[in-house]
Amino acid sequence: MLMKHRDLGSMPDGLCRVAENVTKGMGLVRKLVDGAYVLAKPTSAEEAKAFYGFVTLDIEYKEHKGSYYDEIKKGTLAVCYTRVKDNEWKTTEFNGELAVGDKCAIGFSGANAGKVVKVSDGSETMEVVGKIAPMAGYEQAMVIVKLL
């Protein structure tokens, strides 16, 4: 799940299909594949550092489910909010223990691909500015990240 916390002009881009199954709130890259742009999980440190934005909506979603954490199926159109410096986002898509002040980035390998992860090697693109425990309708914990 992804929620705006502080928006300074991020643009919703709904023109691309996802190249693989993804979860709302993941950080994705935009790639040119067979003459068309697609949204995909990053597969290298360079892609992760230059991620395109956070995915939030399956445009072609036609049935209502009780969960806010829906998967976006491969090949469907999705809305991806572009990166803008100092924007803050709340997301459920993170791995590991994150604390306020931690530097983080989008992961690019294994279970971390597309998720916010803590980094300490100078590849940070975000900073954790808050945490939200599971409560009142939200089954998962969330982190609030500020784009650097």
Side-chain angles (χ1 to χ4, degrees), residues 1-32 37-59 61 64-74 76-148:
M1 179 178 164
L2 180 73
M3 295 173 63
K4 290 181 185 179
H5 186 68
R6 180 174 174 225
D7 189 6
L8 301 172
S10 183
M11 299 298 295
D13 178 353
L15 300 175
C16 298
R17 298 189 181 276
V18 292
E20 57 195 303
N21 291 350
V22 297
T23 304
K24 294 177 185 179
M26 286 186 158
L28 302 179
V29 296
R30 189 170 70 161
K31 296 181 179 182
L32 188 60
Y37 282 104
V38 295
L39 298 169
K41 296 175 188 173
T43 57
S44 69
E46 294 78 28
E47 284 185 350
K49 189 162 183 143
F51 79 99
Y52 184 64
F54 288 104
V55 67
T56 188
L57 176 67
D58 175 350
I59 294 175
Y61 192 62
H64 176 74
K65 292 184 182 176
S67 175
Y68 290 101
Y69 313 109
D70 296 320
E71 182 177 60
I72 300 172
K73 302 288 185 193
K74 176 181 178 177
T76 59
L77 286 171
V79 174
C80 189
Y81 279 90
T82 58
R83 289 172 52 178
V84 173
K85 183 179 177 359
D86 295 329
N87 267 13
E88 294 178 8
W89 296 94
K90 298 176 188 173
T91 183
T92 57
E93 297 307 304
F94 65 95
N95 269 352
E97 287 296 319
L98 295 173
V100 173
D102 284 348
K103 301 297 185 195
C104 49
I106 298 299
F108 59 90
S109 62
N112 289 338
K115 296 184 178 184
V116 175
V117 294
K118 183 177 178 177
V119 294
S120 59
D121 59 3
S123 64
E124 66 271 357
T125 55
M126 296 170 273
E127 178 180 357
V128 177
V129 294
K131 292 177 68 173
I132 301 170
M135 63 177 175
Y138 299 108
E139 295 88 10
Q140 298 179 359
M142 300 178 89
V143 293
I144 305 170
V145 294
K146 178 180 179 179
L147 296 171
L148 301 176

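Remember, it's a predicted structure, so these values are computed and weren't measured experimentally.
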Straight-line distance of [X] [atom1] to [Y] [atom2], nearest 0.5 Å:
X	Y	atom1	atom2	answer
Asn87	Leu8	CG	CG	5.0 Å
Gln140	Phe94	CD	CZ	8.5 Å
Glu124	Met126	CD	CE	10.5 Å
Arg83	Leu148	CZ	CG	9.0 Å
Tyr81	Met11	OH	CE	10.0 Å
Met26	Glu71	CE	CD	8.5 Å

Just wondering, do [Y] and [X] contact through their side chains at under 4.5 Å, heavy atoms?
X	Y	answer
Val119	Lys49	no
Thr125	Leu147	no
Lys41	Leu28	yes
Leu15	Tyr37	no
Val22	Leu39	no

Would you say that more than 12 heavy atoms from the other residues, nucleotides or ligands in this model lie under 6.0 Å from the NZ of Lys118, or not?
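Result for NZ/Lys118: open.
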Where the side chain of Ser10 meets the backbone of Thr82, is there a donor-acceptor pair that is under 3.5 Å apart?
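Side chain of Ser10 to backbone of Thr82: a pair is present.
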Distance-only donor-acceptor pairs under 3.5 Å for side chains of residues 100-113, two or more places apart:
from: Asp102; atom 1: OD2; to: Ala99; atom 2: N; distance (Å): 2.7
from: Lys103; atom 1: NZ; to: Glu127; atom 2: OE1; distance (Å): 3.3
from: Asn112; atom 1: OD1; to: Asn95; atom 2: ND2; distance (Å): 2.5

Show your working on side chain to side chain contact (heavy atoms under 4.5 Å, CB included) between Lys146 and Asp86 and close with a plain yes or no.
CA-CA 6 Å; Lys146 178 180 179 179; Asp86 295 329; 3.1 Å; yes
With Tyr52, which residues qualify under ring pair (Phe, Tyr, Trp, His ring centres under 6.0 Å), at least two apart?
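With sequence neighbours excluded, Tyr52 shows a ring pair (Phe, Tyr, Trp, His ring centres under 6.0 Å) to no residue whatsoever.
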